[in-house]
Protein chains: 2
Amino acid sequence: MLSKKTKYGLKALTYIARKKGDAPVRVSEIAESENIPPKFLESILLTLRKSGVLGSKKGKHGGYYLRQDSTEVKMTDVMRVLEGPIAMVPCVSLNFYEKCDDCPDENLCSVNKLMIQVRDNTLKVFRSTTLADLSAT
Amino acid sequence: MLSKKTKYGLKALTYIARKKGDAPVRVSEIAESENIPPKFLESILLTLRKSGVLGSKKGKHGGYYLRQDSTEVKMTDVMRVLEGPIAMVPCVSLNFYEKCDDCPDENLCSVNKLMIQVRDNTLKVFRSTTLADLSAT
DNA sequence: GTAATCCCTACTAAATCGATAGGATTAATA
DNA sequence: TATTAATCCTATCGATTTAGTAGGGATTAC
């Protein structure tokens, strides 16, 4: 299941991308418009900024803005920042690989093989989708 | 992330499917062979039995067995029993649909659209895979 | 009758999730 | 310079889920 964090983060990014102009967008504005708890959203946008997806401006008239054009913001990156690994098991993750405790040889593991297929198909979707696609709708 | 429950369940089903003959397989045998905590595995096989995937025989020489040929055991069914919804958000789930609290209209929701694509691709994998495929490897 | 096996309920420790609280810092502007 | 509006940062918290464990009851083969 997708965490609320990821869901809220995607909605907020979409909201920012849809805004005309480059002026920073206030957390409170997004929170109100998208029905997201403001303090929770604050922490989410903070992690997006720390990861480089968003930039921010402090003080009056401050807020968050995209650091690249929305066509450059890939879902693979956003999802990894917000949700973590895209794979359903660590032993199949490209960016967060970990060996399973119980598995003597993952080449012989039936779960491994199945989850590689799921991962590849999910990656295909995320790789071919940008924030611009989300906000186009 | 895939729960341990699902992972163990898939491994146990694979183990049973690979066994020659129709004799019931003991929980303790599977647990030992697959490095799964026995009491935990017991509860997992119980839910698989209650959902109709496995049958069981009590008493001495008892154990669990497949109720259908492994080519008939679809991953969609197994995954739904063990892991729950295949979709990453309830508003996109075929079998466990629920409306989002925060979303006024899911037809306008960017997350919804993205997650439908992920769901469809994941379903494609699970629909085209049976337990026989897992145990063939 | 005894040993082996599944069946069932209840419990628990640890981790994660979804938030909330409160103040520190920074910037615009009057 | 004082005020106000915003982000920044750390800490905390309650609820839920996860990953088991415990203990006994019921059933069957021999």
Side-chain angles (χ1 to χ4, degrees), chain A residues 1-12 16 23-32 34-67 81-85 88-90 96 98 100-102, chain B residues 1-12 16 23-32 34-67 81-85 88-90 96 98 100-102:
Chain A
M1 280 284 150
L2 209 66
S3 64
K4 296 264 184 186
K5 179 180 172 188
T6 304
K7 190 185 171 197
Y8 291 158
L10 288 172
K11 284 186 153 195
I16 295 171
V25 187
R26 275 176 299 123
V27 171
S28 59
E29 177 187 335
I30 305 171
E32 209 168 321
E34 300 293 325
N35 299 304
I36 303 172
K39 290 296 273 182
F40 191 19
L41 180 57
E42 199 182 316
S43 72
I44 296 167
L45 297 189
L46 208 51
T47 65
L48 284 169
R49 196 219 58 187
K50 283 179 179 165
S51 76
V53 177
L54 290 175
S56 67
K57 190 171 173 242
K58 286 188 189 175
K60 207 166 188 172
H61 300 173
Y64 290 92
Y65 54 88
L66 292 176
R67 296 193 53 181
V81 167
L82 292 173
E83 190 73 6
M88 294 187 82
V89 277
F96 301 82
E98 261 178 76
C100 296
D101 292 341
D102 54 303
Chain B
M1 282 285 151
L2 209 66
S3 64
K4 297 263 185 187
K5 180 181 171 187
T6 303
K7 190 185 171 196
Y8 292 158
L10 287 172
K11 284 187 154 194
I16 295 172
V25 187
R26 273 176 300 123
V27 171
S28 59
E29 177 187 337
I30 306 171
E32 208 168 321
E34 301 293 325
N35 298 304
I36 303 171
K39 290 295 274 180
F40 191 19
L41 180 57
E42 199 182 318
S43 74
I44 296 167
L45 297 190
L46 206 50
T47 66
L48 283 169
R49 197 219 58 186
K50 283 179 180 168
S51 75
V53 177
L54 290 175
S56 67
K57 191 174 174 237
K58 288 187 189 174
K60 205 165 189 176
H61 300 172
Y64 289 93
Y65 54 89
L66 293 175
R67 297 195 50 182
V81 167
L82 292 173
E83 190 73 7
M88 294 186 82
V89 277
F96 301 82
E98 259 178 76
C100 298
D101 292 341
D102 54 305

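Values reported hereafter were calculated over all heavy atoms of this structure, with side chains retained and with hydrogens, waters and symmetry mates removed. Chain naming here is simple, since letters A, B, ... match the order of the sequence lines and numbering starts at 1 in each. Here the structure is a predicted model, which is why all the values come from computation and not from measurement.
- Put simply, B/Y65 has no side-chain N or O that comes within less than 4.0 Å of OP1 or OP2 on C/dT5.
- For the pair A/Y8 OH and C/dG18 C1', the computed distance is 8 Å after rounding to whole Å.
- Note: B/L2 CG to B/E83 CD = 4.5 Å, rounded to the nearest 0.5 Å.
- Following rounding to the nearest Å, A/K57 (NZ) and D/dA5 (C1') show an atom-to-atom distance of 11 Å.
- Residue A/R49 places at least one side-chain N or O closer than 4.0 Å to OP1 or OP2 of D/dC9.
- Contact check on B/D102 versus A/K7 returns a salt bridge, with a Lys/Arg side-chain nitrogen under 4.0 Å from an Asp/Glu carboxylate oxygen.
- One interatomic measurement links the two molecules: CZ of A/F40 to C1' of D/dA15, which rounds to 14 Å at whole-angstrom precision.
- Atom NZ in B/K60 sits about 16 Å away from atom P in C/dG1, given to the nearest Å.
- Each of A/K58 and B/K39 lies near DNA chain D, and the nucleotide nearest A/K58 is the one positioned closer to the 5' end.
- Atom CG in A/L2 sits about 11 Å away from atom P in C/dC17, given to the nearest Å.
- With respect to A/Y64, the side chain to side chain contact (heavy atoms under 4.5 Å, CB included) criterion is satisfied by exactly one of A/L46, A/V53, A/L48: A/L46.
- In this structure, the separation between CG on B/L10 and CD on B/E34 is 11.0 Å, given to the nearest 0.5 Å.
- The residue among A/G59 and B/L46 whose nearest nucleotide of DNA chain C lies closer to the 5′ end is B/L46.
- If you check every strand for non-hydrogen atoms under 4.0 Å, A/K7 touches nothing.
- Between the P atom of C/dT16 and the CD atom of A/E83 lies a distance of 13 Å, rounded to the nearest Å.
- Between B/S56 and C/dC7, a side-chain N or O to OP1/OP2 separation shorter than 4.0 Å is present.
- With rounding to whole Å, B/K4 atom NZ is found 13 Å from C/dA15 atom P.
- Taking 4.0 angstrom as the limit, B/H61 places a side-chain polar atom (N or O) nearer than this to OP1 or OP2 of D/dC30.
- Atom CD in A/E42 sits about 12 Å away from atom C1' in C/dA19, given to the nearest Å.
- Counting only heavy atoms from C-beta outward, the side chains of A/Y8 and A/P37 approach each other to under 4.5 Å.
- Within 4.0 Å of B/G62, counting heavy atoms only, lie sugar-phosphate atoms of the nucleic acid but no base atom.
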